[in-house]
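Structure first, commentary second.
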There are 2 protein chains.
Amino acid sequence: MRVVALGPIHGYAIAQRIQQISRDALQVQQGSLYPALHRLEYKRLLAAKWQPSETGRDAKFYELTARGRAYLITETENWKRFTDVVGLILKGTAEGVL
Amino acid sequence: MRVVALGPIHGYAIAQRIQQISRDALQVQQGSLYPALHRLEYKRLLAAKWQPSETGRDAKFYELTARGRAYLITETENWKRFTDVVGLILKGTAEGVL
DNA sequence: CGCGTATATGTAGAAGGATGAGGTATGAAA
DNA sequence: TTTCATACCTCATCCTTCTACATATACGCG
């Protein structure tokens, strides 16, 4: 969703973008990506329309809906809280053993 | 596993510890915790023995094995790499939109 | 003594999502 | 013309989580 927030983009390009940003550290499998996009569309967090892509072929471009934007913000905060807490546990909260 | 790394501890106490460290932000359900401990024990990442707990009752105390210690270290690094990359994407890699 | 509460472990069923494999189709280049 | 990159999709399987339930013991209180 964060990638889609940068502007309308189709699924295949999302995967490339993530791989590129993460310098190949993260790759989203197509078998995960497309169902996920369908779920987000079904929940009306994303909206899709068919348009010719850069290569001239038709592709399904996704955009954030208003709900999607709100959802992304709150979930980003949740993600930060969650990883902060996990970080606390992994660091051992100053009791540094290991 | 990181909590177990602090010293032998039984399942119930692990849940309390995590909840305490996270100031109630994270609570591990018993239905997730016990099967997870069983899986880790099966994979020989944890070892268990029955001992009387602080309250006098018998409880199953878990400890990291050598494999568990190694596993924890590499997985902690993986976790850091993963969350760093997700952080990059969520921040938009300096293209700051949203 | 009986009762409730905190302690302590576990299982079962349903639901959700990732994975790996496979399938389809098009446009461009070799 | 065959191969490659693009672009979409589905399916079976596995793994994990969640909720709910089930069991049992120690301790304090009235």
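Protein chains get the first letters and strands the later ones, always in sequence-line order, with residue 1 at the start of each.
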Separation of atom CZ in Arg17(A) from atom C1' in dA7(D), rounded to whole Å: 18 Å
Side-chain heavy-atom pair Val86(A), Thr83(B) within 4.5 angstrom cut-off: no
Nucleotide dC8(D), atom P - distance to CG of Asp58(A) in whole Å: 10 Å
Transitive ILVMFWY side-chain link Ile18(B) to Phe61(B), under 4.5 Å: no
For DNA chain D, the residues among residues 27-49 of chain B that have a non-hydrogen atom under 4.0 Å from it: Gln29(B), Gly31(B), Ser32(B), Arg39(B)
Ile14(B) CD1 to dG10(C) C1', straight-line distance once rounded to whole Å: 15 Å
Interatomic distance where CD belongs to Glu54(B) and P belongs to dA26(D) [whole Å]: 14 Å
Which atom of Gly68(A) lies closest to which atom of Met1(A), heavy atoms considered: O-CE, 3.3 Å
Integer-rounded Å distance: dT26(C) P and Lys60(A) NZ: 17 Å
Residue whose closest nucleotide on DNA chain C lies nearer the 5' end, Gly56(A) versus Ser53(B): Ser53(B)
Distance, rounded to the nearest Å, where His10(B) contributes NE2 and dA6(C) contributes P: 16 Å
Phosphate OP1/OP2 of dC27(D): any Thr55(B) side-chain N/O under 4.0 Å: no
Heavy-atom pair with the smallest gap, counting every atom of Gly11(B) and Leu33(B): O-CD2, 3.2 Å
Separation of dA5(D) P from Tyr12(A) OH (nearest whole Å): 8 Å
Pairwise side-chain contact, Thr65(A) with Leu46(A), heavy-atom cut-off 4.5 Å (strictly under): no
Non-neighbouring partners of Lys80(B) that pass side chain to side chain donor-acceptor pair (under 3.5 Å), sequence neighbours left out: Asp84(B)
